[in-house]
Amino acid sequence: MKRIAILLLVLSTPAFADGPFRFTNVTASARFLSLRNHGGHGVQWADTNGDGRADVYVTNIFAPDEDRPDLYFVNQGGGTFRERGSEAGVADDGFFGRLSEESHAAVFADLDNDGDYDLFNAHTWTGNHKLYRNDGDGNFRDVTAGSGIEIDNRESRGVAAGDVNGDGILDLVVSAWDNAPLQLYLGEGNVRYHRGTQFGRRAASLANQGIMLVDYDGDNDLDLALTGHLPIQDPIGPLAMYRNDGRGNFSDVTESLGIRFGDVGINGWSFGDLDGDGDLDAIVVAKHRSQIYLNIGGGRFQFRQGIPRGNYTAALADLDHDGDLDFYIGGTEVIFANDGTGGFTAHQSVGIVGIGNDGRGAAVADFDGDGDLDIALASKRGPNTMFRNDLNDSNWLRVRLVGPRGDAGAFGAKIYVYDSRHVDEPAHLRGYREARAATGYCSQNEPVLHFGVPGGRAYEVKAVFPDGTFFIAKGVDAPGLIVIDPTAPLSP
């Protein structure tokens, strides 16, 4: 077993009094401004300047003949942001030829393994995708020229980043609209890429929306999950799963998944351990309804529950710190509470009010540093909104990862949190998470893994990296943040 240096930080927060879900609309006080009150689609969280605070990027798109820059909000602390997209070089303002440089989705990922989050932005109308290198201070430089990113595929929708071929370098996948080719860019190092696998006919016919790189079958490589907006007249519906053979070669295994969604257009799906058994379950979100599927092993899922609400994305998070994953469907005023077995109940009147029309991307982060997860929502017909979680308890544990090659976020890694135990005692799993870049529809949660656990106690944290490196940290106190970094000098 490789030894890994860790940094342990313990933070204290006041005790929580009553009520499971309480949110406050802080859009105005946080200075989470909107552009002309409409156009928002994607929401991406990451600490871009290394100050320990989550920053947020919002993509804007409305029409190919309009000029709608993207917005980059840098966290100032104290629950406020400053928009500096133009100043930082990532506003993507203007036109390419006769079409605007608007975009549905982008992704923060450490594309050069230097420990900070770079940015890939897929431009919808032009196909003139942009690759931005972070200087470490949250300022970005356009390095698209000479990177191998091609200017030929338009109508992009979703973007995901992850190491699909096991070489330790992050790759990029860009989804495409009806009959446009899905784009896989394989990283060569030093922010250079070449085109990879051509996907099958099903991928081209989905009119792809949200996409994810996720290890759905637990074999330690990243598979590709697709959703499609247009109806498909077969029992499966407009979704697809492409299984990775570990070397970046994908095969269509949609038929064997056990997931069926009729002919309803699907906008996104999210994966997480909904029933606490240590594997990834799925929430499939269509415009007017959603469905819950539990992982039964062998790469198969079983229907658990139908949800009479839908839209574009389900933001999965333990929002009440009871140890299981709840979810918020962006554009609604409802939180769905998990009963611990993957069954959900709707909670209304939770303070999610004042949302813009046509909510799209939704993602979570602890933007104010109080130990609970807050929500940012992008709305196409705006305004974009931000909701502070007022839980404010001490029942949490957070894990920040650096990969074995120095990559911030260590996408593809797995984290298990157990109750502390003696040698002969069985392990009790408190929570399982997978580190990833993209989720749902055009969304990215803060790449810090968050667990609701009883405070005032110690836990074991097990990290398993995609290359097989693993580490177990014992005696980790909650509340607190643990940083696992294989590249750091070993502690004495």
Report the C-alpha separation of R53 and D47 in whole Å, then their side-chain angles, then the decisive distance to 0.1 Å, and conclude whether the salt bridge (charged side-chain N to carboxylate O under 4.0 Å, His left out) test is met. CA-CA 6 Å; R53 298 190 290 257; D47 175 10; over 6 Å; no

CA sep, side-chain torsions, deciding dist, call: K414, D215, salt bridge (charged side-chain N to carboxylate O under 4.0 Å, His left out): CA-CA 10 Å; K414 299 176 172 66; D215 186 10; 2.9 Å; yes

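- Under 4.0 Å is where a charged nitrogen must lie from a carboxylate oxygen, and between D112 and R133 at least one such pair does.
- Taking a 6.0 Å sphere around CZ of R154, one finds it holds 12 or fewer heavy atoms contributed by other residues, nucleotides or ligands.
- By the neighbour-count criterion of 12 heavy atoms within 6.0 Å, atom NE2 of H288 is sparsely surrounded, having that number or fewer from other residues, nucleotides or ligands.
- The closest side-chain donor-acceptor pair between H321 and D393 falls under 3.5 angstrom.
- Between D318 and L325, the shortest heavy-atom contact is N-CD2, 3.8 Å.
- The minimum heavy-atom distance linking A314 with S270 is given by the pair O-OG, 2.6 Å.
- The aromatic rings of F336 and F327 sit parallel to each other, their planes meeting at less than 30°, with 60° as the upper class boundary.
- Remark: R436 fails to qualify as a cation-pi partner of F411 under the 6.0 Å distance and 45° angle criteria applied to the six-membered ring.
- A salt bridge is absent between D407 and R405: the closest approach of a Lys/Arg side-chain nitrogen to an acidic carboxylate oxygen does not fall below 4.0 angstrom.
- Using a 3.5 Å distance cut-off with no hydrogens or angles, the side chains of R304 and T341 do pair a donor with an acceptor.
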